[in-house]
Enquirer: 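Dropping the structure in here first, questions after.
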Amino acid sequence: RGCVVGPDLATLSLVISKKGEQDIPGLTDDQRPRRLGPKRASNIRKLFNLEKKDDVRNFVVRRELSEKKKKAPKIQRLVTPAMLQRKRYFRS
């Protein structure tokens, strides 16, 4: 497939596939961390190479709102004692 590029287009969506010899100023010369981290418990484990017994809540990626306030996502699919108790209750 080809792409159509003309003077009437306002923006182009590009992906850098290979880094060249020199940096592009403002694009490849600085490292910017990801703003958001994973929300699902298994993906947090995969990112930090954790085992099942490790507590995922200590490894959640938090983002700073101000100097005092930080924000973290609610972890999905987190196995807690309350969830196991609820599961036992429903099965009985």
Side-chain angles (χ1 to χ4, degrees):
R1 274 190 187 220
C3 64
V4 178
V5 177
D8 57 332
L9 296 176
T11 59
L12 289 176
S13 178
L14 301 173
V15 176
I16 299 173
S17 60
K18 185 178 174 185
K19 191 172 177 179
E21 298 164 5
Q22 297 176 334
D23 286 335
I24 301 169
L27 192 63
T28 58
D29 58 350
D30 61 337
Q31 292 287 330
R32 293 179 61 202
R34 275 200 256 162
R35 186 173 157 267
L36 301 175
K39 186 173 178 175
R40 188 182 289 176
S42 61
N43 290 338
I44 296 170
R45 281 193 192 97
K46 189 164 59 173
L47 178 67
F48 293 107
N49 294 324
L50 302 175
E51 296 177 9
K52 275 275 200 184
K53 63 183 178 186
D54 294 326
D55 193 9
V56 177
R57 290 173 288 193
N58 298 334
F59 293 90
V60 176
V61 178
R62 300 176 187 279
R63 69 183 169 102
E64 291 189 25
L65 297 177
S66 63
E67 287 184 20
K68 297 178 184 177
K69 214 164 187 198
K70 290 186 177 184
K71 204 171 187 183
K74 179 181 176 235
I75 303 172
Q76 301 293 314
R77 298 190 186 180
L78 182 65
V79 179
T80 60
M83 196 202 82
L84 294 173
Q85 183 178 5
R86 196 177 311 119
K87 186 176 177 182
R88 283 193 301 269
Y89 175 76
F90 284 135
R91 292 220 173 162
S92 65

Enquirer: Between Pro73 and Val60, which heavy-atom pair has the shortest distance, and what is it?
Expert: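 That closest heavy-atom pairing would be CD-CG1, 3.5 Å.
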
Enquirer: Mind checking the CG-CZ spacing from Leu47 to Arg40? Nearest 0.5 Å is all I need.
Expert: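 Reported to 0.5 Å precision, the distance equals 14.5 Å.
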
Enquirer: Strictly by salt bridge (Lys or Arg N to Asp or Glu O under 4.0 Å), give each pair with a member in residues 60-87 just once, sequence neighbours left out.
Expert: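 Output for this query is empty, none listed.
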
Enquirer: Supply the atom-to-atom distance Ile44 CD1 to Leu78 CG, rounded to the nearest 0.5 angstrom.
Expert: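 With rounding to 0.5 Å, CD1 (Ile44) is 8.0 Å from CG (Leu78).
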
Enquirer: Shortest non-hydrogen contact from Phe59 to Phe48?
Expert: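 Nearest pair, atom of Phe59 first, then Phe48: O-CE1, 3.0 Å.
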
Enquirer: Got a second to check how far Gln22's CD is from Asp29's CG, nearest 0.5 Å?
Expert: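 Those atoms lie 12.0 Å apart.
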
Enquirer: Is Leu9 reachable from Leu14 through a run of I, L, V, M, F, W or Y residues, each pair having side-chain heavy atoms under 4.5 Å apart?
Expert: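 Cluster IDs for Leu14 and Leu9 match.
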
Enquirer: Identify the heavy atoms of Thr28 and Lys19 that sit nearest to each other, and give their distance.
Expert: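 The answer is O-NZ, 3.9 Å.
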
Enquirer: Does any non-hydrogen side-chain atom of Arg57 lie less than 4.5 Å from one of Ile75?
Expert: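 Touching, per the 4.5 Å side-chain cut-off.
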
